[in-house]
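Notes to accompany the following structure.
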There are 2 protein chains.
Amino acid sequence: MSQYETHSISPRSHFSDVVLRRLSGLATLSEREAALVLAMGSQRQVHNSGAELFGEGHLRGRPKVLLSGWACRCRVLPDGRRQILTFTLPGDAIGLCRRPSPAALSTAVALTKVVTADATTLAEAAFEHDGQYEGLASAVSAAGALDDANLLDQIVRLGRHTAHERMAHLFLELRWRLAAVGLASESRFPLPLTQEVLADALGLSIVHVNRTMQQLRRDGLIETRSGYVEILQPQTMAAICDFSPPQVGRPLERDPRAADPLRPIA
Amino acid sequence: MSQYETHSISPRSHFSDVVLRRLSGLATLSEREAALVLAMGSQRQVHNSGAELFGEGHLRGRPKVLLSGWACRCRVLPDGRRQILTFTLPGDAIGLCRRPSPAALSTAVALTKVVTADATTLAEAAFEHDGQYEGLASAVSAAGALDDANLLDQIVRLGRHTAHERMAHLFLELRWRLAAVGLASESRFPLPLTQEVLADALGLSIVHVNRTMQQLRRDGLIETRSGYVEILQPQTMAAICDFSPPQVGRPLERDPRAADPLRPIA
DNA sequence: CGTCTCCTTGATGATTCTCAATGCGCGTGG
DNA sequence: CCACGCGCATTGAGAATCATCAAGGAGACG
């Protein structure tokens with residue numbers, strides 16, 4: 001689980017190149033903007049697994065970006081049932097929103113050991129009105145659109161997908177999102193989650209997650225090994241669950257290598 | 001179903017006071033802002049039930065507000081399964097978002113006969129940077145936050161609620177949202193939807209929606225009559241499904257009468 | 001070596017779906 | 001006026017999916 005961190009791009013130095021990679025995949029950043037993103041890494045904070053990163057109903061904290069580790073946004077019902085709304089992956093923002101809403105709509109929780117950076121300067125730059133950070137503005141905006149798209153995908157998964165489709169779809173989403181920050185190869189990605197966490201994300205019981213996963217293995221669609229998932233037949237799987245990566249941002253003017261983030265990992 | 005429209009506030013004149021009522025419940029509007037909102041009513045458009053109001057993947061149309069009738073945002077799977085993401089009620093916006101994303105993330109469809117107005121001027125005013133429409137800006141922002149909150153509620157419903165809880169929770173949400181625009185009394189609200197539409201929203205089959213609804217009736221929680229739902233025991237129902245109205249906006253400085261939109265209907 | 005967490009498995013039951021048929025209201029055309 | 005069709009609500013029966021309960025196993029760690 002926690003060996004995940006040792007696989008990120010630069011194990012011991014700043015992780016903030018993950019954020020840079022994420023944002024520059026969404027818009028072209030000037031050197032000044034890139035420098036601003038990298039400079040964020042100085043205000044780091046480490047949280048243990050289970051720590052609350054952003055509280056529901058509390059006054060808004062400062063926005064953060066996730067440098068390493070996995071987190072989620074979730075809601076807990078009075079009787080203990082939990083629903084994970086979205087996973088937050090390295091390079092993703094937490095509480096970065098131009099709305100000055102005083103209440104976070106959900107609780108952000110660390111699912112592994114997590115490193116965050118303060119994103120206040122990023123937020124201020126991206127939301128500047130004078131156009132001096134155009135690239136950042138459109139990158140942050142596109143990241144927000146992707147977050148929205150992921151929420152809608154989650155609704156469709158929970159409402160109209162079978163257990164198999166849900167799991168296949170989620171795995172493909174995670175592969176795609178991780179690939180966008182260089183953390184997944186074409187077929188392999190880290191999955192530092194217990195089956196209980198997967199259950200809470202997919203709206204299933206732990207036992208049924210276990211059996212569904214076995215079925216995917218028996219069908220030759222995936223393999224799992226030491227905290228990693230290998231997708232053996234991406235096309236078949238995408239066909240089964242009707243997965244397609246969200247089309248957000250600038251479809252045409254974008255760097256062709258960035259069009260399929262699953263290729264140029266090298 | 002379509003007699004719903006005859007119950008809105010001003011049956012034959014402009015419906016745009018619905019939008020004004022909605023936005024002024026979220027922030028204090030100046031007279032100039034109120035006039036701007038009312039002026040939107042001039043560019044009206046009528047759509048029949050089933051019409052597509054905003055297409056997925058298409059280039060962004062102009063933003064609209066719903067003056068009367070019900071619509072929804074939905075996704076359709078290749079095999080015909082449909083998931084309704086959210087309901088769009090009178091006073092709600094469609095495609096009103098400061099993100100210049102070229103692709104709508106879902107399809108907006110009219111569920112009844114619907115009247116919309118062009119909201120381009122509203123969008124431009126609310127997103128002005130020079131602070132001359134502060135009230136509009138914060139009202140539109142709060143409306144967006146409420147939309148987000150409804151999406152998250154939908155995820156929890158689909159992921160972790162039983163069929164009964166889902167239906168009870170959705171009914172309470174609809175009552176609350178309709179009350180905010182003066183279209184629901186404390187216990188009664190219009191529900192111009194077929195059971196098939198409810199099924200697509202709740203992630204259930206038509207048959208099971210039917211049986212769940214009967215159960216709610218037998219339990220003495222609701223009554224249904226000619227396109228209306230009457231909630232007989234709001235407290236019990238809210239306790240069953242853990243419903244609480246979203247806390248968004250300015251909790252303190254707000255007009256106390258607006259705090260509980262279910263009271264001051266008169 | 002004991003304990004803890006997590007994964008796995010079996011058995012049983014509840015929830016929910018599918019298929020199929022019936023009824024009911026309503027408009028339409030004969 | 002009445003038969004007919006159509007959309008929608010309702011009901012029954014049977015099956016599939018998924019949850020719950022309970023127990024065992026494998027690995028990590030002190």
Does the pair [X]/[Y] count as a salt bridge with the N-to-O cut at 4.0 Å?
{"X": "A:Arg175", "Y": "A:Glu173", "result": "no"}
{"X": "A:Glu165", "Y": "B:Arg81", "result": "yes"}
{"X": "B:Lys64", "Y": "B:Asp118", "result": "no"}

Separation of atom [atom1] in [X] from atom [atom2] in [N], rounded to whole Å:
{"X": "A:Glu165", "N": "D:dT17", "atom1": "CD", "atom2": "C1'", "answer": "12 Å"}
{"X": "A:Met167", "N": "D:dC18", "atom1": "CE", "atom2": "P", "answer": "11 Å"}
{"X": "B:Asp200", "N": "C:dT16", "atom1": "CG", "atom2": "P", "answer": "17 Å"}
{"X": "A:Ile206", "N": "C:dC7", "atom1": "CD1", "atom2": "P", "answer": "8 Å"}
{"X": "A:Leu198", "N": "C:dT8", "atom1": "CG", "atom2": "P", "answer": "12 Å"}
{"X": "B:His208", "N": "C:dT18", "atom1": "NE2", "atom2": "C1'", "answer": "13 Å"}
{"X": "A:Leu111", "N": "C:dC6", "atom1": "CG", "atom2": "C1'", "answer": "16 Å"}
{"X": "B:Gln215", "N": "C:dA14", "atom1": "CD", "atom2": "P", "answer": "15 Å"}

Could you check which of [options] has an atom nearest any side-chain atom of [X]?
{"X": "B:Leu204", "options": "C:dC17, D:dC18, C:dT8", "value": "C:dC17"}
{"X": "A:Thr194", "options": "C:dT8, D:dC21, C:dC6", "value": "C:dC6"}
{"X": "B:Asn210", "options": "C:dC17, C:dT9, D:dA9", "value": "D:dA9"}
{"X": "B:Arg211", "options": "D:dA13, C:dT16, D:dT10", "value": "D:dA13"}

Under 4.0 Å: is that the gap between some side-chain N or O of A:Arg81 and OP1 or OP2 of D:dA19?
->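 No, because none of the side-chain N or O atoms of A:Arg81 sits under 4.0 Å from OP1 or OP2 of D:dA19.
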Ignoring backbone atoms, test whether B:Gln214 places a side-chain nitrogen or oxygen under 4.0 Å from the OP1 or OP2 oxygen of D:dT11.
->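 Affirmative; the distance criterion is met.
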Passes side-chain hydrogen bond (donor to acceptor under 3.5 Å, both in side chains), A:Gln154 versus A:Asn150? Steps please.
-> CA-CA 6 Å; A:Gln154 171 78 333; A:Asn150 288 332; over 6 Å; no
Taking the nucleotide of DNA chain D with the closest heavy atom to each, which residue, A:Val207 or A:His161, is nearer the 5' end?
->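 It is A:His161, whose closest nucleotide lies nearer the 5' terminus.
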Which residue, B:Val209 or A:Arg217, contacts DNA chain C at a nucleotide closer to its 5' end, judged by nearest heavy atom?
->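 It is A:Arg217 whose nearest nucleotide is closer to the 5' end.
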Taking atom CZ of A:Arg225 as the centre, report whether more than 12 heavy atoms of other residues, nucleotides or ligands fall under 6.0 Å from it.
->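 No, because the 6.0 Å sphere around CZ of A:Arg225 holds 12 heavy atoms or fewer from other groups.
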